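Please read these numbers as outputs of a predicted model, since none were measured by experiment. Worth knowing before you read on, the calculation uses all heavy atoms, side chains too, and leaves out hydrogens, waters and symmetry mates.
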Amino acid sequence: MSETTLPESAGRPIRVRMAPSPTGPLHIGTARTSLYNFLFARHHGGTYVLRVEDTDVARSTIEHERDIIDNLHWLGITWDEGPQVARGDDIGSFGPYRQSQRMELYAAEAARLLESGAAYHCWCTPEELEAVRRDLEARKEAPRYNGRCLRLTDADRALFTAEGRMPAIRFRVTPETIRFDDLIRGEVEFDNALLGDFVIVRADGVPLYHFVVVVDDEKMAISHVIRGEDHLSNTPKHIALIRALGYDEPRFGHIPLILNADRSKMSKRKSQTAITAFREQGYLPEAMVNFLAFLGWSPGTEEEIFTLDELSRRFDLDHVHKAGAVFDQDRLDHLNGVYIRDLSDEQLALRLRPYLPDALDDDAVLRVTPLIKERLVRLSDATELTAFLTESDEQVAALFDVEQLLPKGRGPAEAATALSSAREALAELDDGDFAADVLESRCRAAAERLDWKAGDFFRPLRTAITGRTVSPPLFGSMELLGRDRVLARLGMALEKVGPQAVGA
RNA sequence: GCCCCCAUCGUCUAGAGGCCUAGGACGCCACCCUUUCAAGGUGGAGAUCACCGGUUCGAAUCCGGUUGGGGGCACCA
């Protein structure tokens, strides 16, 4: 681990965090941010914290939390501190790690802000706020809060309280220039005079994101906040809060966004974003990690296949890009194929198991694996590629029409001839001799006797055996199917061409 | 509307002033291999480095502007 690239952290131990919100399944963008934080922590020997941002109780669910944790683990991302399944059983001494369990903390910090005058109660109703916003927009001004409740008298407040209205808490933004040295973008400058006072605690007492993120990053001693670029313009709010609360300012680093094909921020509406969906389709976690790492980062060389360990050795913020990166499905597919082919037959067979029917026993799965290995883009492709093994002879026969039995330039009668001569040649074999190499030489000999090109001769056989014109290698497929079913399928195909063969 | 960020082949990227008549990968095309499809091999098309101006002996690389794209401006995160 090189210490030379260690970003300055004011002498604090390196602690980074991922802070997913369980309002949906693990998003590809969250996964990549988590990966970068993980790699950063690993590379610098820092501590990695998982914090669940579930203050929005209405939208947060335990199912989503489980999906997030489960899929993070699936990717191989691990953390040093975080929540446990059982509440109150956390790992790490900065817990609890669910924000919903830290409400007293936020209330206390909000009270401090109220007391110092850095925050104030706001009694405006959503309707009033909406009206003000519309008005400002109509006048082409920034849609920010007008500070009305800042000018309330004690009598006004007493009146609202008597009405039973509950106030929200607003942070009073000091007009000042906020500068920070972003780890990825360098010096960034904002004018906070342009910001309106923003709500930090809702009228129902629920504290909001910009507030809790700042409180927790301090209380969890986070040294580097590495997050998506969509938070770049929220950072001056966070810094203002940090100063008002007397906290230590962490280093910030904003990584580029993952984009839809149209270059907008990647979204569920336009792209598949749930990691779990990729997982179900049979993308390998190794491929996913490799792919995600290169979406916005490169090692600065021309190497491109990296394991998680190699990545944590090589990863550094210096090589993280500034521009957003379009999610390229073709590239993911290619990488997935690379990783699939890199697996041993045994390993691959194991991973294929969930995609194949129970009717195919483990031994059969292991035997068919080498036949389909280099034809798989996703593990789920195995389902279709091996379907002919579990389909009944009748089902297979129903899959094709006579057209698909015919080699280029040949008619039904000739297909019938090929089919029957193949059946004859194979029928002579015992069960025990039904091996791919034997089958192949028999069929080649039969083709030769007919004076056909082997490829032409194989086409009707392939269709008859698998029901498809595209299939795994023909003779390996026949071997797996066994003598009886091969002969049966050849017979059924023959019946199918029969009438036309006669008519031809 | 205001603020901020960004800009190298279609896409992901290499590139930190001369090594660049811009390299790699994916995708695409052709050929080879071949029992189909893949995989593999070889080759090819594809970027006047968004544009304009400056700095410099020299700029994809530095500076300024323009244009274009994106993000943010919630009692969501």
Heavy atoms from C-beta onward define the side chain here; which of [options] lies closest to that of [X]?
X	options	value
Ser471(A)	rC6(B), rG71(B), rU36(B)	rU36(B)
Leu194(A)	rC2(B), rA77(B), rU36(B)	rC2(B)
Glu229(A)	rU36(B), rC5(B), rG72(B)	rC5(B)
Ala168(A)	rU35(B), rC76(B), rC75(B)	rC75(B)

Can you tell me if [X] touches the phosphate of [N], counting only side-chain N or O atoms and a distance under 4.0 Å to OP1 or OP2?
X	N	value
Lys265(A)	rG72(B)	yes
Ser264(A)	rG69(B)	no
Arg133(A)	rC75(B)	yes

For the pair made of [atom1] in [X] and [atom2] in [N], what is the distance, rounded to whole Å?
X	N	atom1	atom2	result
Asn260(A)	rG70(B)	CG	P	11 Å
Tyr106(A)	rA77(B)	OH	P	11 Å
Phe475(A)	rU35(B)	CZ	C1'	6 Å
Ile68(A)	rA77(B)	CD1	C1'	11 Å
Asp191(A)	rG72(B)	CG	P	20 Å
Lys322(A)	rC4(B)	NZ	P	16 Å
Leu335(A)	rU11(B)	CG	C1'	13 Å
Asp437(A)	rU35(B)	CG	C1'	15 Å

Row check, Phe388(A) ring normal vs Arg468(A) NZ/CZ: under 6.0 Å, within 45°: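 Relative to the ring axis of Phe388(A), which defines the angle, Arg468(A) lies outside at least one limit.
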
What integer number of Å spans the [atom1] atoms of [N] and [M]?
N	M	atom1	value
rC2(B)	rU21(B)	P	43 Å
rC20(B)	rG58(B)	C1'	13 Å
rU48(B)	rG43(B)	C1'	25 Å
rA22(B)	rA14(B)	C1'	10 Å

For [N], give the paired nucleotide (Watson-Crick: N1-N3 plus N6-O4 or O6-N4; G-U: N1-O2 and O6-N3; both under 3.5 Å), or none.
N	value
rG68(B)	rC6(B)
rU34(B)	none
rG1(B)	rC73(B)
rC62(B)	rG54(B)

If you look at every strand shown and take non-hydrogen atoms under 4.0 Å, does [X] touch a base, only sugar-phosphate, or nothing?
X	answer
Cys443(A)	nothing
Leu257(A)	sugar-phosphate
Leu474(A)	base
Thr23(A)	nothing
Pro472(A)	base
Glu189(A)	sugar-phosphate
Asp230(A)	sugar-phosphate
Thr469(A)	base

B/S/- contact track for nucleotides 12-30 of chain B, protein heavy atom under 4.0 Å: BSSS-------BSBSS---

Test item: Pro256(A) and Val320(A) side chains (from C-beta on) under 4.5 Å apart, heavy atoms: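 The answer is yes, as the side chains (C-beta and beyond) meet within the 4.5 Å cut-off.
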
Which residues in [range] have a heavy atom closer than 4.0 Å to any atom of RNA chain B?
range	answer
residues 446-464 of chain A	Gly455(A), Phe458(A), Arg462(A)
residues 201-213 of chain A	Arg202(A), Ala203(A), Leu208(A), Tyr209(A), His210(A)
residues 369-386 of chain A	Glu374(A), Arg375(A)

Nearest heavy-atom neighbours spanning [X] and [Y]:
X	Y	result
Leu439(A)	Glu479(A)	CD1-N, 3.9 Å
Phe457(A)	Cys443(A)	CE2-O, 3.6 Å
Ser477(A)	Leu371(A)	N-CD2, 3.9 Å
Val213(A)	Gln99(A)	N-NE2, 4.4 Å
Pro407(A)	Arg459(A)	CA-CD, 3.8 Å

Applying salt bridge (charged side-chain N to carboxylate O under 4.0 Å, His left out), name anything that partners [X], two or more places apart in sequence or on another chain.
X	answer
Glu128(A)	Arg148(A), Arg165(A)
Arg423(A)	none
Arg314(A)	Glu303(A)
Asp345(A)	Lys373(A)

side-chain contact (heavy atoms from CB on, under 4.5 Å) involving Ala349(A) - partner list, sequence neighbours excluded: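 Expected list: Val365(A), Leu366(A), Thr369(A).
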
Pairing residues for Ala193(A) by the side-chain contact (heavy atoms from CB on, under 4.5 Å) criterion, not counting sequence neighbours: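 Testing Ala193(A) for side-chain contact (heavy atoms from CB on, under 4.5 Å), a comparison that skips the adjacent residues, returns Pro175(A), Asp191(A).
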
is_close_aromatic(Phe315(A), Phe306(A)), centroid dist under 6.0 Å: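 No, the ring centres sit 6.0 Å or more apart.
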
Expected list for residues 197-211 of chain A: side-chain donor-acceptor pairs under 3.5 angstrom, two or more places apart:
unit_1	atom_1	unit_2	atom_2	d
Asp197(A)	OD1	Val173(A)	N	2.9
Asp197(A)	OD2	Tyr120(A)	OH	2.6
Arg202(A)	NE	Asp204(A)	OD1	3.3
Arg202(A)	NH2	Asp204(A)	OD2	2.9
Asp204(A)	OD1	Val206(A)	N	3.0
Tyr209(A)	OH	His231(A)	NE2	3.4
His210(A)	ND1	His238(A)	NE2	2.9

Inter- and intrachain pairs under salt bridge (Lys or Arg N to Asp or Glu O under 4.0 Å), touching residues 28-37 of chain A, at least two apart: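 For residues 28-37 of chain A, and leaving out neighbouring residues, there are no salt bridge (Lys or Arg N to Asp or Glu O under 4.0 Å) pairs at all.
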
Given RNA chain B, 5'-ward residue of the pair Phe190(A) and Arg341(A), judged by closest heavy atom: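 The residue mapped nearer the 5' terminus is Phe190(A).
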
Lys453(A) NZ: over 12 foreign heavy atoms closer than 6.0 Å: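 Open: at most 12 neighbouring heavy atoms sit under 6.0 Å from NZ of Lys453(A).
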
